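Accompanying notes for the structure given below.
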Amino acid sequence: MGERPVLRDDARDVGQRDFLDLRRFSRLGELSGLAAAQQPPWADHMDLECIRAELAALPALVGHRDIGALGRALGRVAAGEAYVLHIGECAELFSMATAEHVARRLALYRRMADHLAGRTGREVVLVLRMAGQHAKPRSRPTETGPDGVELPVYRGDAVNDLATDTQARQADPWRLLTSYDRSQDTLKHLEAGGGPGRPVFVSHEALLRDYEEPLTRGGPTLYAAGGHLVWIGERTRDVRDWHVQWAASLANPVGVKAGPDISRYDVIDLVRTLDPHGRPGRLTLISRMGAARTGRLDPLARAVAQARAPVVWQCDPMHGNTRTWADTKVRLLPDLRAEIDAFVRTLREQGCHPGGLHLEVTPDAVHECHEELPTAGSTGRPPCDPRLNADQALEIVDHFADRLTHRPNGDST
């Protein structure tokens with residue numbers, strides 16, 4: 001990662017004081033004893049508290065006004081008046097925070113949103129997995145490297161390095177400060193390349209407690225200052241644990257991934273905890289069942305509809321459809337289409353609005369998703385999970401639009 005940053009003299013005192021004040025005058029202090037899954041093994045690192053203090057002293061990356069604007073836009077999605085595209089890289093590498101790469105991503109993602117808007121005749125809210133998507137939950141703590149050596153698993157650039165050697169894979173909390181810097185760089189490039197037209201909002205999976213907690217801002221009303229929207233993953237959505245309880249304290253829109261093992265009781269508990277006042281646009285439920293288990297969505301949608309909860313429904317057709325083939329992760333496009341079909345059909349049967357898609361997409365010329373299982377050596381090896389390339393992503397958006405604009409009775413959307 002290069003030379004480690006040196007804490008400013010005032011950050012050791014002022015930053016630490018700001019962080020402690022935030023914990024004393026907010027609900028964060030009440031949450032300090034809760035369990036937090038999927039955390040890196042760095043709790044005993046001698047510099048951790050100083051790093052947290054430095055993060056607490058840094059400026060917010062996003063502000064109240066834009067967070068409120070996204071909440072209102074998602075409220076229109078919840079009401080059935082608009083759609084949302086929530087798209088970006090599986091895991092952002094620090095090296096992606098360049099003007100060139102940010103511009104290529106933004107151009108593709110805007111093109112996708114404009115295409116969906118043109119097909120449906122509705123507003124499309126664009127939420128990017130950018131400017132902070134540097135950490136990933138993992139199913140195993142280790143993985144086998146190309147030389148057969150067991151290595152700590154890659155957890156995203158905010159935690160360790162993708163390079164396949166033991167030293168690079170050590171969890172290093174100093175990388176949290178680099179994550180903040182690269183997020184700030186990305187936001188600057190987005191602002192410089194934004195131009196007129198569609199507003200752009202950024203988001204990431206709120207995974208790392210030692211990053212999210214110091215970047216929580218506000219007084220009586222708290223907000224996550226690292227993204228306009230934050231979401232909680234399938235592995236960290238226990239309503240009793242830190243991730244959900246922290247998110248319940250925020251003013252930001254919040255998403256939750258919902259996989260095939262979630263029950264309707266779990267979903268209602270999440271709704272009651274994260275959106276007790278029934279604010280349209282506050283809560284997004286991101287369905288990720290897998291093509292073979294789409295029937296699990298029906299009781300969830302029915303329970304939410306019966307509760308009259310004004311949630312946004314997104315379909316993530318990617319994470320439940322990951323296969324391992326020749327020691328490489330792949331995703332098959334027919335599986336993605338099948339899950340999208342079931343998502344739209346199921347939600348409409350329950351009187352709910354199929355609000356949008358949650359996709360992992362890159363502008364790079366990759367071949368990680370396929371129509372059928374590839375031959376050995378013909379698929380790319382992604383940094384984390386397989387991503388759609390530009391042509392595939394636009395085709396998937398077209399497929400979603402086809403399902404939205406075609407109803408069994410012949411009416412259009």
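Nothing here was measured: the structure is a model prediction, and the numbers come from that model.
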Sidechain-backbone polar pair: [X] side chain, [Y] backbone, donor-acceptor under 3.5 Å:
X    : Y    : answer
R138 : R140 : no
Q133 : C90  : yes
T328 : T324 : no
D181 : T178 : no
N252 : A224 : yes
D47  : C50  : no
Q38  : L207 : no
N160 : R155 : yes
R209 : S32  : yes
E339 : M289 : yes

Could you please spell out the steps behind the salt bridge (Lys or Arg N to Asp or Glu O under 4.0 Å) verdict for D261 and R296?
-> CA-CA 8 Å; D261 296 327; R296 295 289 299 124; over 6 Å; no
One thing to verify: whether [Y] and [X] come together as a salt bridge, which I'm taking to mean a side-chain N less than 4.0 angstrom from a carboxylate O.
X    : Y    : value
D341 : R403 : yes
E143 : R169 : yes
E368 : R331 : no
R237 : E234 : yes
D364 : R105 : no
E123 : R76  : yes
E81  : R122 : no
R337 : E371 : yes

Between H204 and W231, is the ring centre distance below 6.0 Å?
->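 No, they do not, as the ring centres are separated by 6.0 Å or more.
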Given the side-chain rings of Y83 and H353, with only the six-membered ring counted for Trp, is the space between their centroids under 6.0 Å?
->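 Yes, the ring of Y83 comes within the 6.0 Å limit of the ring of H353, centre to centre.
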Between the side chains of [X] and [Y], is a donor N or O closer than 3.5 angstrom to an acceptor N or O?
X    : Y    : answer
E150 : T142 : yes
H86  : S203 : yes
H277 : R282 : no
H319 : D316 : yes

Can you find a heavy atom in the side chain of [X] that is under 4.5 Å from one in the side chain of [Y]?
X    : Y    : answer
D241 : T236 : no
T362 : E89  : yes
L55  : L177 : yes
Y154 : K136 : no
H367 : Q392 : no
V84  : W313 : no
L61  : L187 : yes
W42  : Q170 : no

[atom1]-[atom2] distance between [X] and [Y], expressed to the nearest 0.5 angstrom:
X    : Y    : atom1 : atom2 : result
R72  : L70  : CZ    : CG    : 9.5 Å
E395 : D402 : CD    : CG    : 8.5 Å
E372 : W325 : CD    : CH2   : 10.5 Å
L222 : L28  : CG    : CG    : 5.5 Å
C315 : I286 : SG    : CD1   : 10.5 Å

Which of these passes side-chain contact (heavy atoms from CB on, under 4.5 Å) with P253: V127, D275, I67, T284?
->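 By the side-chain contact (heavy atoms from CB on, under 4.5 Å) criterion, P253 pairs with just one of V127, D275, I67, T284: I67.
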Which heavy atom of [X] sits nearest to which heavy atom of [Y], and what is that distance?
X    : Y    : result
L347 : A301 : CD2-CB, 3.7 Å
M112 : L394 : CG-CD2, 3.8 Å
G281 : A78  : N-CB, 4.0 Å
S179 : H134 : OG-ND1, 2.8 Å
M130 : V202 : O-CB, 3.4 Å
L373 : L332 : N-CD2, 3.8 Å

With a cut-off of 6.0 Å (strictly less than), are more than 12 heavy atoms of other residues, nucleotides or ligands near CD of E100?
->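 For E100, atom CD is crowded (more than 12 foreign heavy atoms under 6.0 Å).
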Has R111 got more than 12 heavy atoms of other residues, nucleotides or ligands less than 6.0 Å from its CZ?
->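 Open: at most 12 neighbouring heavy atoms sit under 6.0 Å from CZ of R111.
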Evaluate the side chain to side chain contact (heavy atoms under 4.5 Å, CB included) criterion for residues V361 and N389: first the C-alpha distance (whole Å), next the side-chain angles of each, then the deciding distance (0.1 Å), finally the verdict.
-> CA-CA 6 Å; V361 180; N389 61 35; over 6 Å; no
For R182, enumerate each residue passing the salt bridge (Lys or Arg N to Asp or Glu O under 4.0 Å) test, keeping only those at least two apart in sequence or located in another chain.
->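 Testing R182 for salt bridge (Lys or Arg N to Asp or Glu O under 4.0 Å), a comparison that skips the adjacent residues, returns D185.
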Take M318 and C369 through the side chain to side chain contact (heavy atoms under 4.5 Å, CB included) test and state the conclusion after the steps.
-> CA-CA 10 Å; M318 306 197 71; C369 299; 4.2 Å; yes
Would I340 and L357 satisfy side chain to side chain contact (heavy atoms under 4.5 Å, CB included), going step by step from the backbone distance to the final call?
-> CA-CA 8 Å; I340 290 169; L357 296 178; 4.0 Å; yes
Using the ring of each side chain (for Trp, its six-membered ring), is H64 parallel, tilted or perpendicular to Y223, with breaks at 30° and 60°?
->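 H64 and Y223: tilted rings.
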Stepwise, does the side chain to side chain contact (heavy atoms under 4.5 Å, CB included) test hold for V102 with M96?
-> CA-CA 7 Å; V102 170; M96 293 176 178; over 6 Å; no
